[in-house]
2 protein chains.
Amino acid sequence: MAKLLAKQKRMTDAVRTQAPASEAVDDYLKAIFQLSGHPERQVASNEIALHLSITPASVTNMLQKLAAQEPPLVIYKKHHGVKLAKAGKRRALEIIRHHRLIETFLHQVLDYPWDEVHQEAERLEHFISERFEERIAAKLGHPKFDPHGHAIPALDGSLPSQEPQAFAMLRPGQSANVSSVSDNDPEMLRYLAAQGIRPGVRLTLSEQLPFQGSYRVRVGTSSKLALLSHSLVQSIFVTIK
Amino acid sequence: MAKLLAKQKRMTDAVRTQAPASEAVDDYLKAIFQLSGHPERQVASNEIALHLSITPASVTNMLQKLAAQEPPLVIYKKHHGVKLAKAGKRRALEIIRHHRLIETFLHQVLDYPWDEVHQEAERLEHFISERFEERIAAKLGHPKFDPHGHAIPALDGSLPSQEPQAFAMLRPGQSANVSSVSDNDPEMLRYLAAQGIRPGVRLTLSEQLPFQGSYRVRVGTSSKLALLSHSLVQSIFVTIK
DNA sequence: TTTCAATATTAGCCATACCTAAATATTACT
DNA sequence: AGTAATATTTAGGTATGGCTAATATTGAAA
Ligand SMILES: [Mn+2]
Ligand SMILES: [Mn+2]
Ligand SMILES: [Mn+2]
Ligand SMILES: [Mn+2]
C-alpha cells in the first residue's frame with residue numbers, strides 16, 4: 001500500500017498506457033487462452049462472458065482496454081472476436097505456470113489433498129513473485145505436470161503440444177491411460193480418487209449403457225468395474241497408446 | 001472474480017455492514033496495532049498518516065469506516081485517536097501471524113535470504129487461507145519466532161509479552177543478546193549479516209564515540225570490534241540477561 | 001438478395017475503494 | 001482567553017469493473 005504521491009501525477013501525464021495487470025485482467029487472459037484452443041482460433045465475446053459469468057457488454061469493454069494497452073495484450077477485431085497478442089499470451093502462460101506450480105507445491109510440500117489445491121492456487125497465482133515461482137520450481141525439481149496431470153508451462157512459455165482426448169470418445173473394449181482430470185470440482189476429485197482414478201492409471205471401457213447412460217470402466221487391473229456418469233467421464237482425459 | 005449478479009442487489013439492501021477486509025484495511029489495522037504499543041495507548045490520526053504516507057484526512061475517513069463496521073474493527077473517539085476493537089485486534093494479529101509464518105517459511109523451506117523475506121510476506125500475508133497458514137505452521141513445527149527474531153502470534157492471538165529493548169540504550173561495558181532486528185531494510189539486513197549480527201548473538205558495547213557517534217561493539221567472542229552507526233544500533237533489539 | 005435472429009457494441013450509469021486539498025473545528029497549552 | 005497544533009468535514013477526483021437498454025453488425029436461411 002502506501003500510495004506514493006507521485007503516482008497520481010504520473011497517471012494523468014503522457015504515459016497513460018502500461019500494464020494494469022489486475023486479478024480481473026489475469027482472469028480474462030486466462031479465459032481467452034483456454035477458450036482459443038489448438039489450433040488457435042478467435043474467441044467470441046459471448047464465450048468469454050459465459051465463461052466468466054458476466055455480461056457481453058462488460059467483455060467488450062474490457063477487450064477494448066486490453067487491446068489499447070502498450071504493448072497490446074489482445075488483438076481485437078470488432079465483431080470478430082479476439083486472440084491473445086504476444087504480451088497477453090506471455091502473461092496468460094505465466095499465470096497458468098504459477099497456478100500449476102502452486103498446485104504441485106501445495107500437494108507435494110504442504111500435503112494438501114488434490115481436491116483443495118485448485119481453489120488456493122486460483123487466488124495465489126496472481127500474487128506470487130518471480131522469485132517465489134523460481135524457488136518452488138527448484139524445490140520441486142522443475143516438475144512437468146501438476147497433480148491433475150496438467151502440463152506446467154516452461155519458463156519460456158512452451159507447453160508440450162499434447163492433444164488430450166476425452167475418455168468419453170472411446171469405444172467399448174478400448175483402453176487408454178489417464179493423462180489428466182478436470183481440477184475445478186473438489187467433490188468430483190474426491191470421488192475419482194476413491195475410484196482409484198488419477199493420472200497414469202490405465203482405464204478400459206467395458207461398455208456404455210444405452211441412451212447416454214453410465215460407463216462401465218475397468219480401473220487398472222482391478223477385478224470389479226467402476227460405473228461412471230457421463231459428466232464424470234467427460235472430465236477424464238486420456239492418451240491412447 | 002466472476003461477480004455474482006446477486007451481489008449488487010444485496011449491497012444496496014439493509015445489511016450494508018460486514019467486513020470488506022482489503023489490503024488497505026489490513027495495513028491500517030497493522031499500523032494501529034504497531035503504533036499503540038505496550039501498554040496499549042490511543043493512536044492519533046497523524047501518526048497513522050505518517051506511518052502509511054497518506055494524509056490525515058484519508059485516515060479520518062478510513063477510521064470512520066472501520067469504526068462503523070459490524071462488529072467494529074476500531075474504537076474511534078473523534079479527536080482522541082483510535083485503538084483496536086476486539087475484531088480489529090484479532091485481524092491485526094492474524095495478519096502479523098501470516099507475515100511472520102510466511103517469512104519463516106520462505107527462509108527455511110524455500111531458502112530465501114533473510115533480507116528478501118519481508119517484501120514477499122508483505123504482499124502474501126493478505127491472500128493466504130487459513131488452511132495455508134495451518135499447513136506451513138505445521139511444516140515448520142509451529143515456530144515461535146521469525147528469521148528476524150520477531151515473535152509469531154499464536155493461533156489465539158497471544159504473544160509473549162517480551163519488552164524488547166533497543167541496543168542503543170545500553171551503557172558501555174554492558175552485554176546483551178540480540179533478540180530481534182528490524183526487517184524492512186534489505187540493505188541493512190545484509191550488512192548486519194555480514195557483521196555476524198543475528199538473533200541469539202551476544203553483543204557487548206565497548207564504547208560510544210562522542211557527540212552521538214558510532215558504537216564500538218564486540219560481536220560474540222570475536223576479537224575485533226564492529227563499528228555501528230546510530231541508526232543501525234537503533235534497529236537492534238536485545239534482552240539483557 | 002433480402003430478411004432476421006443471434007451476437008456484439010455503444011451510451012449512459014452505478015458502486016466500491018481510496019485518496020486529496022481546502023475550509024473548518026476542536027483541543028490543549030501558555 | 002488566545003493560539004498553535006491537530007483533526008475533521010466538505011467536496012471532489014481517479015481507477016476499476018460491472019450493468020442495462022438501445023443500437024448496430026453479421027451471416028445464414030429464405
Ligand atoms: Mn484467479
Ligand atoms: Mn490442475
Ligand atoms: Mn501488507
Ligand atoms: Mn520479520
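Numbers restart at 1 for each chain; the letters A, B, ... are given by sequence-line order, proteins then strands. These figures come from a predicted structure and were not determined experimentally.
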Scan nucleotides 22-30 of chain C nucleotide by nucleotide, 5' to 3', and note B when protein non-hydrogen atoms come under 4.0 Å of the base, S if they reach only the sugar-phosphate, - if neither.
----SSS--
To the nearest 0.5 Å, what is the distance between CD1 (A:Ile152) and CZ (A:Arg100)?
8.0 Å
OP1, OP2 of D:dA7 versus side-chain N and O of B:Asn46: anything below 4.0 Å?
yes
Any side-chain N or O of A:Ser58 under 4.0 Å from OP1/OP2 of D:dC19?
yes
Quick one: is C:dT9 close enough that its OP1 or OP2 comes under 4.0 Å of any side-chain N or O from A:Tyr76?
yes
Contacts of A:His99 meeting ring pair (Phe, Tyr, Trp, His ring centres under 6.0 Å) (sequence neighbours excluded), chain-then-number -> A:His118
Partners passing ring pair (Phe, Tyr, Trp, His ring centres under 6.0 Å) against A:Tyr191 (at least two apart in sequence or in another chain)
none
Gap between atoms CG and C1', on A:Leu52 and D:dG17 respectively (whole Å):
12 Å
Rounded distance (Å) that lies between atom P of C:dT7 and atom CD1 of A:Ile48
14 Å
In whole angstroms, how far is the P atom of D:dC19 from the CG atom of A:Asn61?
10 Å
Listing request: all salt bridge (Lys or Arg N to Asp or Glu O under 4.0 Å) pairs with a residue in residues 71-89 of chain A, at least two apart in sequence or in separate chains.
A:Glu40-A:Lys89
I want to verify a distance call: between D:dT9, D:dT20, D:dG18, whose nearest atom is closest to the A:Thr55 side chain?
D:dT20
Just the rounded figure in Å: distance from P of D:dT6 to CD1 of B:Ile54.
17 Å
On DNA chain D, does the nearest nucleotide to A:Pro56 precede the nearest nucleotide to B:Thr60 from the 5' side, or the other way round? Give the residue.
B:Thr60
How long is the line joining CD of B:Gln64 and C1' of C:dA17, in whole Å?
16 Å
Taking only residues two or more places apart in sequence or in another chain, which ones pass side chain to side chain contact (heavy atoms under 4.5 Å, CB included) with A:Ser45?
A:Val59, A:Thr60, A:Leu63
If the cut-off is 4.0 Å, is A:Tyr28 near the phosphate of D:dG18, judged by side-chain N/O to OP1 or OP2?
yes
Calculate the interatomic distance between B:Leu50 atom CG and D:dA7 atom C1'; express it in whole Å.
15 Å
Sequence neighbours excluded, which residues qualify as ring pair (Phe, Tyr, Trp, His ring centres under 6.0 Å) partners of B:His230?
B:Tyr215
Counting only side-chain N and O atoms of A:Ser45, is one of them less than 4.0 Å from OP1 or OP2 of C:dT9?
yes
Interatomic distance where NZ belongs to A:Lys77 and C1' belongs to C:dT7 [whole Å]
19 Å
Give the rounded distance in Å between these two atoms: CG of A:Leu66 and P of D:dG18.
11 Å
Modelled atom types, side-chain donor and acceptor of A:Glu103 and A:His107, under 3.5 Å
no
